[in-house]
Enquirer: 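After the structure tokens below, expect a handful of questions from me.
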2 protein chains.
Amino acid sequence: MGKVEGRRWSGVTMSDVARRAGVSPMTVSNVINGRAQRVSEQTRLRVLATIDELGYQVNMTARNLRMGRTGAVGLAVPAFAPGYYAQLAQRLADRFDAHGLRLVVERTGASRAAELDALAAPRLSSYDGFVLSVVAGDAADLEKLSIDTPVVLIGERAVPARFDHVLMDNVGGARMATEFLLRSGARRIALLGGAAGGAESMHELRTQGYQAAHEAAGVPVRDELVVGCDFGVEDGYTATHELVVRGIAFDAVFALTDSGAIGALRALAETGRKVPDDVQVVGFDDLDDGRFVVPALTTVEPGNAEMADAICSLLVERIASRPDQAPARVVMPEPRLVERETTRRP
Amino acid sequence: MGKVEGRRWSGVTMSDVARRAGVSPMTVSNVINGRAQRVSEQTRLRVLATIDELGYQVNMTARNLRMGRTGAVGLAVPAFAPGYYAQLAQRLADRFDAHGLRLVVERTGASRAAELDALAAPRLSSYDGFVLSVVAGDAADLEKLSIDTPVVLIGERAVPARFDHVLMDNVGGARMATEFLLRSGARRIALLGGAAGGAESMHELRTQGYQAAHEAAGVPVRDELVVGCDFGVEDGYTATHELVVRGIAFDAVFALTDSGAIGALRALAETGRKVPDDVQVVGFDDLDDGRFVVPALTTVEPGNAEMADAICSLLVERIASRPDQAPARVVMPEPRLVERETTRRP
DNA sequence: CTGAAAGCGCTAACAT
DNA sequence: ATGTTAGCGCTTTCAG
């Protein structure tokens, strides 16, 4: 499929209105922008009538160019559908609204290339500020990022020091969840979405927390219980199924995301495991969905509200104060465990 | 909290680069836009180096103004978080990508005022085309809508004839679901989110289908089974709970949305009702979530893919062909029932 | 109260 | 292969 071309058909301009109403464009502008003191009531009404008659509409692109600002903040997420991003968008939109800024959401596509593309200078220049959820790019990629548009980064990747960065305590949260399961008597905790090597991705960090909790409790980590998978519902479902099929025994599941946990619950139900009696389950993120699945999901609440607050205030500050003289800040709220029905009290 | 003001700090322009590289702005433009034939390799490299040195970035606002197009289409939805809108956005983004258009998502807030605001000319002028999910505005409101930006409307409200309109077969789908329940032996079907009067909203249309199925089957509609509620998870949960508390007997639940149905499932589990043995449940929308809840949700698939296809192709056509001479089109796919585990075979 | 001039940063069209 | 001219539609500034 080809690109869509063609430019907007003419459209009525401010000058058209001005000419027709027998005034200068400036007066039309004043009317439109409610600078009442500068226009007589009579003229105002005439201009308004002409605007209506001609069906004139302000061209935001032109206004933005002239004013050097857009009133919009961009949020780039890997995908729209995962509950986590949708809820994040919702929260941010509320907060930015309070500052007179609209939030507009774009999709990066989670590939490194797509993510960088979203961050390319052009895209950013359409916004007064930008929030980027970094899942794929590395520090070097980000280094090239626009310096003209204030940016707040979210996500666990290491980011260049010049950026404000808001992130979850992945290690701490995972450790908290794992410790809770261990205290509840679990000894064979499957880790859904776990990863072995490095230290950069969400998978890896949460895996570290899982391991740390085991070490602290003197319980060995069994490799066969650490199954790598993506963080969608379907992924959690498939991974859990596989575990069962392969005959690997486990008495708990720690899913790296609530979505994954919900998939796991489904797989456990299908294979006749009772939750939490046979298998306990803990997720991560505190999605709204988790409260309504049966049984309701115990999860790690990573400080979603605090993160949204931080993202908003950091960005608003940068936007308001021109040059980024203020040093970059890092915000990482304290996670907490939300006990519901998929676990037993220790 | 006050508005955020202040304009973008100067920033390096194309002229800056040109001057520094000892060429004209036009040459810089040619380099940036890859018009290779028009620039010697030597100059190209020099310009590129200068761009790098100065950290220059194209100003999209200026480019958009000059070119009269933005390469973006807007999607306005009442809220980001409900699964339905997130999935819609996802689907649309895929399709528009194929046409070289980025999808950017904005939130209207579901109030009539907010919705109209989103549709105000200024907002629209930032996009090559716009998709609006109409939930609150009426035909008269929409009549005032921009004529300069191609718009496709989605949603069940009556809309002015000049707009392309994509909608679900709400009545047919609801009737299909209800008939299925009736055939499966249900005689007291609770309608979650039902409405009495009018004919405009999704609630009302789906209620009509529910009633039509009852009439056709000669089963009376009991008013106490039609409970009005919003379409979120929590709403379905609360409504179902209330039904139980009030001691109203029912052997099936038709929830107007999958989200509502998922809430209902939770409430039924809490109150000890077995699904589908004691109570059958059907939703509407075919959200991904429905496949993974326990038991998996039977639902009406309203033709999501076809709707996304239609929205995209209608809009792309309008964008490509200047004046809207083509008559407006209405697309309403055939719904189908997806049987899963919350119902019994008739 | 109203208007004229200037220019935001870019690119199409036409020179050279 | 490169430069010049003009202007997208708006608003800031300053003059009437």
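Residue numbers begin at 1 in each chain, while the letters A, B, ... track the order of the sequences.
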Enquirer: Give the rounded distance in Å between these two atoms: CG of A/Asn30 and C1' of D/dT12.
Expert: 11 Å

Enquirer: Between B/Gln87 and B/Asn304, is there a side-chain heavy-atom distance shorter than 4.5 Å?
Expert: no

Enquirer: Check for a donor-acceptor pair, side chain of B/Ser313 on one end and backbone N or O of B/Asp309 on the other, with a separation under 3.5 Å.
Expert: yes

Enquirer: In whole Å, I'd like the distance from the CZ atom of A/Arg69 to the C1' atom of C/dG9.
Expert: 18 Å

Enquirer: Where the side chain of B/Thr13 is concerned, which of C/dT11, C/dC10, D/dC10 is the nearest nucleotide?
Expert: C/dC10

Enquirer: How would you label the contact of A/Thr61 with the nucleic acid (heavy atoms, under 4.0 Å): base, sugar-phosphate, or nothing?
Expert: nothing

Enquirer: Can you find a pair of side-chain heavy atoms, one from A/Ile32 and one from A/Met14, that are under 4.5 Å apart?
Expert: yes

Enquirer: Tell me whether A/Thr70 contacts the main-chain N or O of A/Asn64 through its side chain, where contact means a donor paired with an acceptor under 3.5 Å.
Expert: no

Enquirer: Under 4.0 Å, counting only non-hydrogen atoms across every strand here, what does A/Asn64 touch: a base, just sugar-phosphate, or nothing?
Expert: nothing

Enquirer: If you pin B/Ser15 and A/Gly22 to their nearest nucleotides in DNA chain C, which one's is more 5'?
Expert: A/Gly22

Enquirer: Can you tell me how far C1' of D/dG7 sits from CE of B/Met67, to the nearest Å?
Expert: 15 Å

Enquirer: Can you check the A/Met14 CE to D/dG7 C1' distance for me, whole Å?
Expert: 17 Å

Enquirer: Drop me the distance from B/Ile154's CD1 to B/Leu88's CG, to the nearest 0.5 angstrom.
Expert: 4.5 Å

Enquirer: May I ask you to evaluate whether A/Ser40 reaches the phosphate of C/dC1, defined as a side-chain N or O under 4.0 Å from OP1 or OP2?
Expert: no

Enquirer: Measure from CG on A/Asp16 to P on D/dC10 and round the result to the nearest Å.
Expert: 9 Å

Enquirer: Dump every N/O contact between nucleotides 13-16 of chain D and the protein below 3.5 Å, one line per pair.
Expert:
none

Enquirer: Nearest heavy atom decides the nucleotide; on that basis, is B/Val28 or A/Val23 closer to the 5' end of DNA chain C?
Expert: A/Val23

Enquirer: So, B/His165 side chain and B/Pro160 main chain: donor-acceptor pair closer than 3.5 Å or not?
Expert: no

Enquirer: For the helix from C/dC1-D/dG16 to C/dT16-D/dA1, what angle lies between the axis at the first five pairs and the axis at the last five pairs, to 10 degrees?
Expert: 40°

Enquirer: Verify the contact: side-chain N or O of A/Ser29 to OP1 or OP2 of D/dC10, cut-off strictly under 4.0 Å; return yes or no.
Expert: no

Enquirer: Quick check for you: among D/dT11, D/dT4, C/dG9, whose closest atom lies nearest to any side-chain atom of B/Ala62?
Expert: C/dG9

Enquirer: Under the 3.5 angstrom rule, does the side chain of B/Arg46 hit a backbone N or O of B/Gln42 as a donor-acceptor pair?
Expert: no

Enquirer: Evaluate the side-chain proximity of B/Pro78 to B/Arg107: yes if any heavy-atom separation is below 4.5 Å, no if none is.
Expert: no

Enquirer: Is any side-chain N or O of A/Thr43 closer than 4.0 Å to OP1 or OP2 of C/dC1?
Expert: no

Enquirer: In this structure, how many angstroms lie between the P atom of C/dC8 and the CG atom of B/Asn59, rounded?
Expert: 11 Å

Enquirer: Would you say B/Arg318's side chain and B/Ala326's backbone share a donor-acceptor pair under 3.5 angstrom?
Expert: yes

Enquirer: Over how many whole Å does the gap from B/Arg66 atom CZ to D/dA6 atom P extend?
Expert: 13 Å

Enquirer: Between A/Val73, A/Val316, A/Leu315, which is the residue that forms a side chain to side chain contact (heavy atoms under 4.5 Å, CB included) with A/His99?
Expert: A/Val316

Enquirer: Specify the separation, in whole Å, of atom CG of A/Asn33 and atom P of D/dG9.
Expert: 17 Å

Enquirer: D/dG3, C/dG9, C/dC10: which one has an atom nearest the side-chain heavy atoms of B/Thr27?
Expert: D/dG3

